[in-house]
Amino acid sequence: MVEISSSTKSSTPRKHIIVLGAGVIGLTTALKLTARAEYDVLLLSEILPGDPKSIRYTSQWAGAHHVYSQQDVSTKHHKLEEVTFEYMWKLSEPGTDAEECFLRVPQTEYFFDSAAESSPLRSMPDFKHIPEQSLVPGAKSGVTFTTVTIDTPIYLNYLYSHFLAKGGKVLRASVQHIHQVIEGGARIFAGGSLLGSAADPPDAVINCTGIGARFLGGVEDKTVYPVRGQTVLVRAPWVRFGRTIYKDETGALTYIIPRRSSDVIVGGTRVANDWFPKPRPETTEDILKRGLELCPELAPPEVRAERTPTLDDILPHVVGEGCGLRPAREGGVRLETEWTEGIGQRGMVPIIHNYGHGGSGFQSSWGSANVALELLEEALTQV
Ligand SMILES: Cc1cc2nc3c(=O)[nH]c(=O)nc-3n(C[C@H](O)[C@H](O)[C@H](O)COP(=O)(O)OP(=O)(O)OC[C@H]3O[C@@H](n4cnc5c(N)ncnc54)[C@H](O)[C@@H]3O)c2cc1C
């Protein structure tokens, strides 16, 4: 694994930190913390990597790729994505133990609104503009560059196993109110007492509950809302490039994300406040139609050698479909410290919030973990 910077051992007592939530945000943050000798880290979560897929755990459903959000490079969010790209680029280097989680691919993005051809992408490796005559019909502009795709189930397990290997502890629990954890630590949950001192009330809690932040007592952030995304998984090892077409005026977003495993995520949809937890069959068909139009290469090469492929040529290669709820938030990601009353003589306890990553949780995960760690360090100097 690429080394995470580690501080020297400190003589002060270790601080006990609970990370709430084991999606990509909680796992990355928890792993980042284990590189610091001064912290004991406990991951507390209702759903863990490797569990059956659930609408309450978005990370399992993501594509995913790193393609910068259409934001100005001066924004805080862009910085989160920039730091994450640098980190993932290193993780995906041939020869690292994370290599299997990633695929480096040539990526093409077509825009129907020329203003959408945003500057962040210019910093990507091998960036080029597509000549006008080579654009797909209706597109006003397009760019190509190299990026990484992430095989999300494998990557989540990679983060999880490294967290455990570095001494992190885990407990499965569903938390109703954040004060349950602040007052009782992990001891109050089934199996918690087996964790010994790791189950004590924490010195700080890092809240990485994604869409759960809308419902978690003591947080109940009603500015968090779902942006539902539906996808289809096609086994097509011959596809080794990514492609996206933005048609934002219609709400349609079609993308092709190949994973190293040979599966290709074909998407998608982006519908705010749609909570429906299962794939809709008519949407699956629509996604496949749009996917084939954008990427005829989804069909096997032997078919394309003979004729123009149709939907029937792809259907035998469909291996799954699914949908997830991107944890969007009005105002963007919440990365800030809140202080809450500790019970008894404990004084105030910091809660570091790290949620609301919408459609970019993977590509902003390492940047967000860095900021969460900075906030934690700053808060712990005040207790
Ligand atoms: C179709 C689709 C495609 C996407 N593509 C991309 C992409 O290409 N690139 C990208 O960067 N992002 C992509 N995303 C977005 C990305 O998946 C999310 O931003 C990310 O998964 C959010 O992670 P999270 O850790 O915040 O939330 P989650 O993964 O939902 O994790 C939340 C965790 O908190 C736990 N939890 C919640 N409430 C409680 C509670 N009360 N008690 C205990 N535990 C609790 C849950 O069990 C879970 O473990 C995509 C999303 C979808 C749906």
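Counting starts at 1 for both ligands and their atoms, in listed order. Numbers for residues simply follow the sequence, beginning at 1. In what follows, every heavy atom counts, from backbone to side chain, and hydrogens, waters and symmetry copies are set aside.
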In terms of atom number and element, which parts of ligand 1 are under 4.0 angstrom from non-hydrogen atoms of [X]?
| X | result |
| --- | --- |
| Thr231 | 1 (C) |
| Gly63 | 3 (C), 4 (C), 5 (N) |
| Ile25 | 23 (O), 24 (P), 25 (O), 26 (O) |
| Cys208 | 32 (C), 33 (C), 34 (O) |
| Gly23 | 25 (O), 29 (O), 31 (O), 33 (C), 49 (O) |
| Ser59 | 20 (C), 21 (O), 23 (O), 25 (O), 28 (P), 29 (O) |
| Val175 | 40 (C), 41 (N), 42 (N), 43 (C) |
| Gly324 | 53 (C) |

Exam field: side chain Arg259 to backbone Gly63, donor-acceptor pair closer than 3.5 Å: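 Side chain of Arg259 to backbone of Gly63: a pair is present.
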Hey, is [X] close enough to [Y] for a salt bridge, meaning N to O under 4.0 Å?
| X | Y | value |
| --- | --- | --- |
| Glu293 | Arg290 | no |
| Asp313 | Arg307 | yes |
| Glu100 | Arg260 | yes |
| Arg334 | Glu338 | yes |
| Glu86 | Lys90 | no |

Considering Pro327, Ser365, Gly210 one by one, which has a heavy atom nearer to atom 22 (C) of ligand 1 than any of the others?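 Closest candidate by heavy-atom distance is Pro327.
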Which one of Thr209, Val219, Ile257 has a non-hydrogen atom at the shortest distance from atom 37 (C) of ligand 1?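 Among Thr209, Val219, Ile257, the closest heavy atom to atom 37 (C) of ligand 1 belongs to Thr209.
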Which residue and atom name correspond to the protein heavy atom nearest [atom], and how close is it?
| atom | value |
| --- | --- |
| atom 43 (C) of ligand 1 | Ala173 O, 3.2 Å |
| atom 19 (O) of ligand 1 | Gly358 O, 2.6 Å |
| atom 44 (N) of ligand 1 | Glu46 N, 3.1 Å |
| atom 47 (O) of ligand 1 | Ile47 N, 3.0 Å |
| atom 34 (O) of ligand 1 | Gly21 CA, 3.3 Å |
| atom 30 (O) of ligand 1 | Thr58 N, 2.9 Å |
| atom 51 (C) of ligand 1 | Arg326 CG, 3.6 Å |
| atom 13 (C) of ligand 1 | Gly359 O, 3.3 Å |

Are any of the N or O atoms of [X] closer than 3.5 Å to those of ligand 1?
| X | answer |
| --- | --- |
| Ser364 | no |
| Tyr57 | no |
| Ser174 | no |
| Ala62 | no |
| Leu20 | no |
| Gly229 | no |
| Ala22 | yes |
| Leu44 | no |
| Ser45 | yes |
| His65 | yes |

Spatial distance of atom NZ (Lys289) from atom CG (Leu311) [nearest 0.5 Å]: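 So the gap between those two atoms works out to 7.0 Å.
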Nearest 0.5 angstrom please: Ile178 CD1 to Ile18 CD1, how far?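 If we round to the nearest 0.5 Å, Ile178:CD1 and Ile18:CD1 are 9.5 Å apart.
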Counting the benzene-type ring for Trp, do Tyr68 and His78 have ring centres under 6.0 Å apart?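 Yes, the ring centres sit under 6.0 Å apart.
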Side-chain heavy atoms nearer than 4.5 Å, only ILVMFWY residues, links allowed to pass through others: does that put Trp238 and Leu103 together?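 Cluster IDs for Trp238 and Leu103 differ.
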Here's a test for you: under side chain to side chain contact (heavy atoms under 4.5 Å, CB included), which of Leu27, Thr28, Ile25 qualifies with Cys208?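 Single pass found, and it is Ile25.
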Which of these, Leu44, Leu195, Leu164, sits in a side chain to side chain contact (heavy atoms under 4.5 Å, CB included) with Lys169?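 Filter result, single survivor: Leu195.
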Using distance alone, with no hydrogens and no angle criterion, decide if [X] and [Y] have a side-chain donor and acceptor under 3.5 Å apart.
| X | Y | result |
| --- | --- | --- |
| Asp221 | His353 | no |
| Thr108 | Arg243 | no |
| His179 | Thr340 | yes |

Write down the atom of Phe241, the atom of Ile256, and the distance for their closest heavy-atom approach.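 Nearest pair, atom of Phe241 first, then Ile256: O-CG2, 4.1 Å.
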